[in-house]
Amino acid sequence: MSEQLQIAIVGGGIGGLTAALALRARGLNVTVFEQAGEQREIGAGISIQPNAGLLLQRIGLTDRIKTIGAQNAGLLLRTSLGQLIDTAARPSSGVQSYNVHRAEFLKLLADAQPDGTLHLDHRLSQTRETNGRVQLTFAHGATVEADLVIGADGIHSVVQREIGLKTYPSSEGIMAYRGLIPSERLTWAKDIGGKMTMWLGKGRSFLCYPVSSGRLINMVAFVPTNLESEESWTAPGDLKALAAEYAGWDNPVLETIGALDQTFRWGIYDRAPLPYWSTARMTLLGDAAHPMVPHLGQGAAQAIEDGFTLAVLLEGAKRQDVPRRLKAYERLRLERTSQIQTMARDTGRFFRGEYEDVAERDRLMAKWIAATGWIRGHDAEKTAQEAVLLAGNDEAIG
Ligand SMILES: Cc1cc2nc3c(=O)[nH]c(=O)nc-3n(C[C@H](O)[C@H](O)[C@H](O)COP(=O)(O)OP(=O)(O)OC[C@H]3O[C@@H](n4cnc5c(N)ncnc54)[C@H](O)[C@@H]3O)c2cc1C
């Protein structure tokens with residue numbers, strides 16, 4: 001049996017694929033197993049904020065991201081009638097952030113994997129931990145063994161269940177309509193550069209930003225609901241119902257809705273932080289570990305931070321070191337991600353507030369800007385390296 005650790009990542013989403021790249025960059029042997037038989041096009045944008053951009057830069061992905069992304073030039077906050085509230089959440093610390101089309105970013109990450117290390121059509125159905133190894137069984141009957149399993153398999157994680165954990169989704173009482181529109185169809189989008197715009201109004205908000213090098217505008221419209229809408233990213237939505245939600249709003253909002261060919265409904269569900277993430281040989285990252293509501297746009301960034309943290313902690317590890325290293329990983333990540341889960345919830349409430357009292361709005365806005373500064377200024381890799389240095393030796397890491 002080879003001395004090098006064999007690491008299996010379950011889930012080839014943003015979290016799983018970036019973790020694989022980060023781990024390999026530190027000399028680790030990684031294979032990714034993804035349930036999908038092929039990459040499907042999902043019409044959605046996603047933010048790569050500076051705390052994630054910094055890490056991706058270190059593994060040499062920035063030039064490729066530039067070819068697909070739109071540079072984020074900050075966020076304009078407006079009232080529902082278009083009055084400017086603030087140009088908030090400016091890009092921090094000199095690291096550029098990008099807004100990308102999810103499918104284009106996933107393709108970029110998949111293309112960056114060495115041949116033979118990403119196995120599609122492998123849906124994990126169960127795991128068995130014995131004698132310091134884990135056996136993975138896939139839905140089509142194939143089995144593989146690994147020294148360590150990382151569950152990057154999203155909100156309905158099988159690895160989470162196999163670790164003995166369970167999360168309980170509770171509706172936020174809102175749903176989102178989403179869609180992509182060619183920028184050329186929108187008169188208001190001609191001069192926005194890389195700016196994101198969020199309109200805030202009675203119990204709902206409306207967010208637009210460019211992706212695909214500015215060729216497309218990504219729209220996300222959060223509205224109240226008392227329906228148990230599907231926790232899906234692909235359920236079709238009704239354009240007329242969407243238009244009715246925003247009657248009387250600022251012209252760019254109406255123009256954007258009018259230019260949509262189709263929209264998707266997305267029920268927004270929240271989950272409490274998990275008490276722990278790991279067994280001796282299995283752990284979680286990304287949405288499987290800390291699913292969060294989307295209002296801070298940190299879902300992908302936190303998954304990326306997890307992968308880079310694991311890479312630092314696992315570098316040079318032997319089989320017997322794995323349980324201690326996983327506990328160290330959990331200690332470094334659980335508190336920060338739990339805090340961000342809470343901040344994401346609070347941010348959603350701020351965005352959907354009805355502000356008769358402008359002072360109250362500005363107080364909440366200042367709180368949100370402080371939170372985003374703390375989140376975006378973080379260097380997960382450096383934090384992990386400092387923890388290793390502080391620990392001094394392997395015993396202390398454990
Ligand atoms: C289709 C889609 C659209 C999204 N849109 C948005 C958005 O608009 N805004 C936002 O903030 N966040 C969005 N998210 C969530 C965001 O992408 C995540 O928060 C972030 O990228 C972290 O992702 P992750 O890799 O942990 O999980 P995910 O992105 O969910 O990836 C999990 C991966 O695991 C695979 N998988 C699941 N179960 C198994 C199994 N049993 N065996 C093998 N593989 C398995 C899935 O097919 C998927 O590829 C979306 C996620 C998805 C899947």
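None of these values were measured; they are calculated from a predicted model. We count ligands from 1, going down the list as the structure has it; atoms in each ligand are counted the same way.
Below 4.0 Å from some heavy atom of G45 lie the following atoms of ligand 1, by number and element: 8 (O). Ligand-side atoms of ligand 1 in range of A303: 22 (C), range being under 4.0 angstrom from any heavy atom. Within the listing of ligand 1, atoms 19 (O), 20 (C), 22 (C) sit less than 4.0 angstrom from a heavy atom of G299. For ligand 1, the atoms closer than 4.0 angstrom to any heavy atom of H122 are 42 (N), 43 (C). Which parts of ligand 1 touch P294 is read off a 4.0 Å heavy-atom cut-off, strictly below it: atoms 11 (O). Those atoms of ligand 1 with a heavy atom of V10 less than 4.0 angstrom away are 42 (N), 43 (C). Atom numbering of ligand 1 starts at 1 in the shown order; those under 4.0 Å from a heavy atom of G13 are 25 (O), 31 (O), 33 (C), 49 (O). Every atom of ligand 1 is numbered from 1 in the order shown, and the set under 4.0 Å from a heavy atom of I46 is 16 (C), 17 (O).
R345 and E172 are not joined by a salt bridge, as no carboxylate oxygen comes within less than 4.0 angstrom of a charged side-chain nitrogen. Under a 4.0 Å N-O distance rule, the pair D250/R78 does not qualify as a salt bridge. Looking at R185 and D261, a side-chain N of the basic residue comes within less than 4.0 Å of a carboxylate O on the acidic one, giving a salt bridge. Between K327 and E330 there is a salt bridge, since a side-chain N of the basic residue sits under 4.0 Å from a carboxylate O of the acidic one. Taking 4.0 Å as the cut-off between side-chain N and carboxylate O, R281 and E129 do not count as a salt-bridged pair. A salt bridge does not link E245 with K240: none of the charged nitrogens is closer than 4.0 Å to a carboxylate oxygen. Between R271 and D287 no salt bridge is recorded (no basic side-chain N to carboxylate O distance below 4.0 Å).
For E360, the side-chain hydrogen bond (donor to acceptor under 3.5 Å, both in side chains) partners at least two apart in sequence or on another chain are R363. For D346, the side-chain hydrogen bond (donor to acceptor under 3.5 Å, both in side chains) criterion is met by R349, not counting sequence neighbours.
Contacts between A300 and ligand 1 below 4.0 angstrom, taking non-hydrogen atoms only, involve backbone and side chain alike. For V158, every heavy-atom contact with ligand 1 shorter than 4.0 Å involves the side chain, none the backbone. Neither the backbone nor the side chain of S157 has a heavy atom within less than 4.0 Å of ligand 1. Residue I155 does not touch ligand 1, judged by heavy-atom distances below 4.0 Å. Only the side chain of R102 comes within contact range of ligand 1, with a heavy atom under 4.0 Å; no backbone atom does. Residue contacts with ligand 1, taken as heavy atom pairs separated by less than 4.0 Å, involve R178 solely via side-chain atoms from C-beta onward. When heavy-atom distances to ligand 1 are checked against a 4.0 Å cut-off, F33 comes that close only through its backbone atoms N, CA, C and O.
Any N or O atom pair closer than 3.5 Å counts here, and D287 shares at least one such pair with ligand 1. Of the polar atoms of L124, at least one N or O is found under 3.5 Å from an N or O of ligand 1, judged by distance alone. For ligand 1, the polar-atom distance check finds no N/O of R123 at less than 3.5 Å from any of the ligand's N/O atoms. Looking at ligand 1, you'll find an N or O of G15 within less than 3.5 Å of one of its N or O atoms.
Within the structure, the closest approach of A152 to ligand 1 falls below 4.0 Å when heavy atoms are considered. Under a 4.0 angstrom heavy-atom cut-off, A289 registers as lying outside contact with ligand 1. Using a non-hydrogen distance threshold of 4.0 Å, F138 does not register as a contact of ligand 1. Put simply, no part of Q302 is less than 4.0 Å from ligand 1, judged by heavy atoms.
Side-chain contact annotation: N51 with E305, donor-acceptor N/O pair under 3.5 Å present.
N218 places a side-chain N or O within donor-acceptor distance of the main-chain N or O of G45, the cut-off being under 3.5 Å. The main-chain N or O of K318 is found under 3.5 Å from a side-chain atom of D321 such that the two form a donor-acceptor pair. For the pair T31 (side chain) and T117 (backbone), a donor-acceptor distance under 3.5 Å is absent.
Classification of the H122-F33 ring pair by plane angle, with boundaries at 30° and 60°, yields tilted.
Here atom 38 (N) of ligand 1 lies nearest to Q35 when heavy atoms of Q35, H119, H290 are compared. Nearest to atom 27 (O) of ligand 1 by heavy atom, out of A19, G154, A44, is G154.
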Start with the C-alpha gap between Y177 and W266, add the side-chain angles, then the distance that decides, and say whether ring-ring contact (aromatic ring centres under 6.0 Å, His included) holds. CA-CA 6 Å; Y177 288 96; W266 172 23; over 10 Å; no
